[in-house]
Amino acid sequence: MFDNKFVQQRIEKAKLLKVAGFNPYSNNSKRNTTIEKYLNVNSDIADMEDKRDEKRHYIVSGRIKLLRVMGKASFVKIEDESGMLQVYVTRDNLPEDFYNTIFKKNIEVGDIIEVGGFPFVTGKGELSLHVDSFTILTKAISPLPEKFHGVTDKEIRYRKRYLDLIMNADVRKTFQTRSKVISLTRRFFEDKGFLEVETPMMHPIAGGANAKPFVTHHNALGIDRFLRIAPELYLKRLIVGGFEAVFEINRCFRNEGMDATHNPEFTSIEFYWAYKTYKDLIEITKEYFQYLFEHLNLPTQLPYGDMVVNFDNFIEIPLIESLTTIGGVPAESCKTKESILAYLKTQNITVKPNLNLGQLQGELFDLFVEEKLIDPTFITEYPVEISPLARRSDENPAITERFELFIAGREIANAFSELNDPIDQLSRFEGQMEAKDSGDDEAHEMDRDFVEALSYGMAPTAGQGIGIDRLVMLLTNEHSIRDVLLFPAMKPIHKEEIVEESE
RNA sequence: GUCUUGUUAGCUCAGCUGGUAGAGCACGUCACUUUUAAUGAUGUGGCCGAUGGUUCGAAUCCAUCACAGGACACCA
């Protein structure tokens, strides 16, 4: 480590600084303003006659991003979290020899410094800081990436996110937006009277969704636990317990493939609302989006890639209807197993054998409809076979009171009136067990403890889950989930690491 | 998991049909007190992702592997 020539050079400079009495890792910061505040407070300097006010004095800190030395004067661009500032450093305004022997020789791009001085506007019209005191706070011994192109290699950007954040201001912006989305989401539901709760991340049975879990082991108890694939069943137990509106924002884990929209750990919000139905969820979802757009200052005609998503146009359509009106599948080809299979054959599409009617309708939807849903669309009335936790429709027992929300061709939310009939829930689980036995390894697990909870009576409830990562992707116009996760999952670079981890 | 593209200096990238490696930025040295990716001069910097093969000779051709990007499959 640190055998690179440039790193060695910089380590040498850090030593020289120390010898000269300047701690290269000082924590003696006297900063009294941020760059953003400095620029705001001194915006009046430009209107002054001599374009300076030597009576004002500020101390700002930041990382050197650009350094232009011109003999006895230098321009340095420093950046803190709030912004970028040009500071003007001259030999004659610093202690004897400091400029020549310390600043010019041992200070370079990447170092974190603190400077004091007065505001002035340069000949080219840039509000800057005229430096009269200069402190090195932190010496960077590794050089930063190239100042103009920065770091673009995706592998470096994901593995060394800190470098990405140093070099790319828009990346910082994306993660600030992500943080705001989560904060606004929390505030939105709290303001509606929802209670934020925390339920287990390690489950004895991985339930609440159809997905493969990660397994871990509890040594003291000598038992395996599953990292949760969804918090659903625990949140519903809380509704049984008498809480009437709860939500949880946290991580879920699914042991499946990784791609532009899937990371093994991802963040969701799930909320459950007693004495409500999925119809109420449609309304609160529209309100939620309105709230987000308002507080994030986003246009309701939201650009996403080469699409424009119209958030003034929420659409609601039953799944079966969407197959025909949006997917272009003839209506008579959607109603029975045989007709669907025959239609798929004409389209040269093969699907897994032994699918039931509901599953086949789900296939048709995935194949012909999903990617066409650009404006926010609530797809309702899902077949009961693919909705093991949703309440049946009173009018039609083959379908459930459920919707999924699609935006820009992608699923953003899943919601339904909750199944609260314990006998029905038990038989749905049994149906899932049959599916599992006949080869569907993603069928829902049996959870008798949950059925027992329902047996004490769960008030009629509606519940919804929203994928926060995909939502943030949509709102920040990012097209890979890795670009909205600070530290996305990556394979280890060295084989040895895999061996260690498996031991 | 399959297909496909990539991996060359700290970073961004050239390197043709094989002949022992090149630029810009950064860094060193020199000049320069209002620059904006400052400028001019000059210099240092490389196990060409790894391992095998073909060849007199491989960054370049072939194979395998690793990692990454993209697409597909899987995945509500």
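Bear in mind the structure is a predicted one, so any value in this text is a computation, not a measurement. Numbered from 1 within each chain, the chains take letters A, B, ... in sequence-line order.
Closest to the side chain of Val151(A), out of rC11(B), rG28(B), rU35(B), is rC11(B). Here the side chain of Lys154(A) is nearest to one of rG69(B), rA38(B), rC67(B), namely rG69(B).
Atom name C1', nucleotides rG49(B) and rC30(B): the rounded distance is 39 Å, in whole Å.
Taking the charged nitrogens against the carboxylate oxygens, Glu126(A) and Lys77(A) do have a contact shorter than 4.0 Å, which makes a salt bridge. With respect to the salt-bridge test (charged N to carboxylate O, under 4.0 angstrom), the residues Asp111(A) and Arg10(A) qualify.
Using Watson-Crick or G-U wobble geometry with both donor-acceptor distances under 3.5 Å, rA38(B) finds no partner in any strand shown. Base pairing of rG6(B) is made with rC67(B), judged by Watson-Crick or G-U wobble geometry with both donor-acceptor distances under 3.5 Å.
In this model, no donor atom of one side chain and acceptor atom of the other lie less than 3.5 Å apart for Arg56(A) and Tyr38(A). Checked by atom type, the side-chain pair Thr90(A)/Asn93(A) shows a donor-acceptor distance below 3.5 Å.
The interatomic distance linking Phe75(A) (CZ) with rU36(B) (C1') rounds to 9 Å, in whole Å. Tyr158(A) has its OH atom 9 Å from the C1' atom of rG69(B), to the nearest Å. Taking atom NZ of Lys160(A) as the reference point, atom C1' of rG10(B) lies 9 Å away to the nearest angstrom. Going from atom NE2 of His149(A) over to atom C1' of rC25(B) covers 8 Å, rounded to whole Å. We find that CD of Glu108(A) is positioned 16 Å from P of rG10(B), with the value rounded to whole Å.
You won't find any donor-acceptor pair under 3.5 Å spanning the side chain of Thr152(A) and the base of rU12(B), going by distance alone.
Within the 4.0 Å cut-off from OP1 or OP2 of rA26(B), not a single side-chain nitrogen or oxygen of Arg68(A) is found.
Using a 30° and 60° split on the angle between ring planes, Phe378(A) and Phe403(A) fall in the perpendicular class, above 60°.
The residue among Ser480(A) and Leu389(A) whose nearest nucleotide of RNA chain B lies closer to the 5′ end is Ser480(A).
Here Glu256(A) lies in heavy-atom contact (under 4.0 Å) with sugar-phosphate atoms only.
In this structure, Phe6(A) does not count as stacked on the base of rG10(B) under the 5.5 Å centre distance and 30° plane angle limits.
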